[in-house]
**Q** 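The structure's right below; bear with me while I get my questions together.
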Amino acid sequence: HYGRTQVGRELSTLALQQPPARQRALTDSEVRWFWRGCDALGAPSGPLLQQLLLTGARLGEVTGMRRDELSADGAGTVPAERAENHRANL
């Protein structure tokens, strides 16, 4: 029987074993697995998640895109003034 304290200790231990945020990259195998999972999800969630993976943009940046931020081929640019890191990104 696990109490909340025991679970909390185990989660803390697990968190300490993980590399600090943004220092770990997905492996090729993980990217393939994620991509196929997105394909299986279908629209609208699958393509949205693939867009996030390809661009490294944040969810709010992609879902908040306006029509004037999209080009004719569907590529988009998040302007610096709307990006959390204050840098334009694709």
Side-chain angles (χ1 to χ4, degrees):
H1 178 82
Y2 275 11
R4 287 184 183 189
T5 304
Q6 178 65 29
V7 171
R9 267 191 239 121
E10 289 183 13
L11 289 174
S12 295
T13 302
L14 180 62
L16 291 174
Q17 295 171 356
Q18 299 296 316
R22 300 179 190 222
Q23 289 188 4
R24 181 184 178 282
L26 295 176
T27 65
D28 290 348
S29 176
E30 290 170 326
V31 170
R32 278 191 297 276
W33 175 85
F34 181 83
W35 198 265
R36 289 178 183 144
C38 290
D39 284 342
L41 275 175
S45 300
L48 171 63
L49 293 170
Q50 288 170 332
Q51 175 90 10
L52 294 173
L53 178 68
L54 289 174
T55 63
R58 291 167 177 85
L59 178 62
E61 293 170 347
V62 173
T63 59
M65 290 186 93
R66 300 181 306 260
R67 189 166 297 278
D68 63 322
E69 296 172 350
L70 296 171
S71 65
D73 63 359
T77 302
V78 177
E81 60 271 7
R82 213 167 53 72
E84 189 173 315
N85 62 6
H86 306 291
R87 294 185 298 192
N89 63 56
L90 302 173

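Below, all heavy atoms of this structure are taken into account, side chains as well, without hydrogens, waters or symmetry copies.
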**Q** Where do G42 and P47 come nearest, in terms of heavy atoms and distance?
**A** O-CD, 3.4 Å
**Q** Does the side chain of L53 reach to within under 4.5 Å of the side chain of L26, using non-hydrogen atoms?
**A** yes
**Q** Please round to the nearest 0.5 Å and tell me the distance separating atom CG of D68 and atom OG1 of T77.
**A** 10.5 Å
**Q** So, for G64 and E69, which heavy atoms are closest and what is the spacing to 0.1 Å?
**A** O-OE1, 4.3 Å
**Q** Between T27 and W33, is there a side-chain heavy-atom distance shorter than 4.5 Å?
**A** no
**Q** For the residue pair R82 and M65, what are the closest heavy atoms and their distance?
**A** NH2-CA, 3.5 Å
**Q** Any idea which heavy atoms bring L52 and A57 closest together, and the distance?
**A** CD2-O, 3.4 Å
